[in-house]
Amino acid sequence: MGNSALKAHLETAQKTGVFQLTGKGLAEFPEDLQKLTSNLRTIDLSNNKIELLPPLIGKFSFLKSLVLNNNKLTALPEELCKLKKLETLHLNGNHLRQLPAAFGQLSALKTLSLSGNQLRTVPTQLCALRHLDVVDLSRNQIQNVPDTVGELQAIELNLNQNQISQISVHISHCPRLKVLRLEENCLELSMLPQSILSDSQISLLAVEGNLFEIKKLRELEGYDKYMERFTATKKKFA
């Protein structure tokens, strides 16, 4: 991509606060963007070949949305965690194995999408994020859901298409969790904590494609309580 084209994009971004450059085969984060650290609210560099996010990402202090789907990122810099206004972070289809240690400092984050990466566990850093609404960890390599999950503040947690065979009973303690997606995992019925049904806020539990028949779920103690929440929620949105 030529310099003049990039310049035109930069000029537009300066006026709109949005820099979008997708599917252009970019191998690196455009350094020229640092001229706009105080202008930009949205950066979308999806469908490129970016392998590294430079430390200068931490300078975009007004950034609300960062979208880097389908790149080649293997790690994220700690500097990313300085973005105190960031509300939306989409990193689907990369090669991430973990999140930076300070990830919990992204205090404004509401939507986090990490589908199609190489995570092996639910990152504990997510529990520090108080305004998190939706977390998408589908299509990773997660095998178990640890006790720390009980502190997660999310409303929706998507764990579809992982390799989960164990879930901590603490998941039923999540104060705001309403939607739990566990489709196409490796769960035996005995490994699904009954407290999810009998004693949680969860009103939509999606468990198709595991190692048990869905109708067996209906025989579990607490299923009627779950159905009460499910029906009440459905009525609310009908």
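Just so it is clear, the model here is predicted, and its values are computed rather than measured. Numbering starts at 1 and runs along the sequence shown.
The line from OG1 of T121 to CD of Q143 is 9.5 Å long, rounded to the nearest 0.5 Å. Residue E78 holds its CD atom at 10.0 Å from CG of L99, rounded to the nearest 0.5 Å. With values rounded to the nearest 0.5 angstrom, F19 atom CZ is found 10.0 Å from D44 atom CG. Here the CD1-CG distance, from I171 to L159, works out to 6.5 Å after rounding to the nearest 0.5 Å. Here M227 contributes atom CE and L197 contributes atom CG; the two are 10.5 Å apart, rounded to the nearest 0.5 Å. Atom CG in D147 sits 3.5 Å away from atom OG in S168 (nearest 0.5 Å).
Classification of the H173-H170 ring pair by plane angle, with boundaries at 30° and 60°, yields perpendicular.
Between L157 and V149, the closest heavy-atom pair is CD2-CG2, 4.4 Å. Minimum heavy-atom separation, L96 to A75: CD2-N, 3.5 Å. For the residue pair L76 and P100, the shortest heavy atom distance occurs at O-CG, 3.6 Å. Closest non-hydrogen pair, E183 versus N185, comes out as O-ND2, 3.3 Å.
Evaluation of the salt bridge (charged side-chain N to carboxylate O under 4.0 Å, His left out) rule for E156 yields R181 as partners, not counting sequence neighbours. Qualifying side chain to side chain donor-acceptor pair (under 3.5 Å) partners for N71, counting only residues two or more places apart in sequence or in other chains: none.
In this structure, N158 contributes its side chain and N160 its backbone to a donor-acceptor pair below 3.5 Å.
Residue I164 is grouped with residue M191 when hydrophobic side chains (ILVMFWY) are merged at heavy-atom distances under 4.5 angstrom, including chains of intermediate members. Hydrophobic clustering keeps V122 apart from V134 (ILVMFWY residues linked when any side-chain heavy atoms are closer than 4.5 Å, directly or through intermediates). A single hydrophobic cluster is not seen to contain both L52 and I43; linkage of ILVMFWY side chains at heavy-atom distances under 4.5 Å, directly or through other members, places them apart. Both L192 and V179 are members of a single hydrophobic cluster when ILVMFWY side chains are connected at heavy-atom separations under 4.5 Å.
A side-chain donor from one of S115 and S138 sits under 3.5 Å from a side-chain acceptor of the other. N140 and N162 are not linked by any side-chain donor-acceptor pair at a separation below 3.5 angstrom, with hydrogens and angles left out of the test. Between the side chains of Q153 and R176, no donor-acceptor pair is found at a separation under 3.5 Å.
Among L68, N69, V67, the one residue that satisfies the side chain to side chain contact (heavy atoms under 4.5 Å, CB included) test with N92 is N69. Applying the side chain to side chain contact (heavy atoms under 4.5 Å, CB included) test between Q163 and each of Q141, E184, R120 identifies Q141 as the sole match.
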Begin with the C-alpha distance, continue with both residues' side-chain angles, and end with the deciding distance and a verdict on side chain to side chain donor-acceptor pair (under 3.5 Å) for R97 and Q118. CA-CA 5 Å; R97 291 169 185 266; Q118 293 168 19; 3.1 Å; yes
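Sparse packing is recorded around CD of E221, with 12 or fewer heavy atoms of other residues, nucleotides or ligands lying under 6.0 Å away. Atom CD of E79 is surrounded by more than 12 heavy atoms from other residues, nucleotides or ligands within 6.0 Å. The neighbour count for K178 NZ, taken as heavy atoms of other residues, nucleotides or ligands under 6.0 Å away, is above 12.
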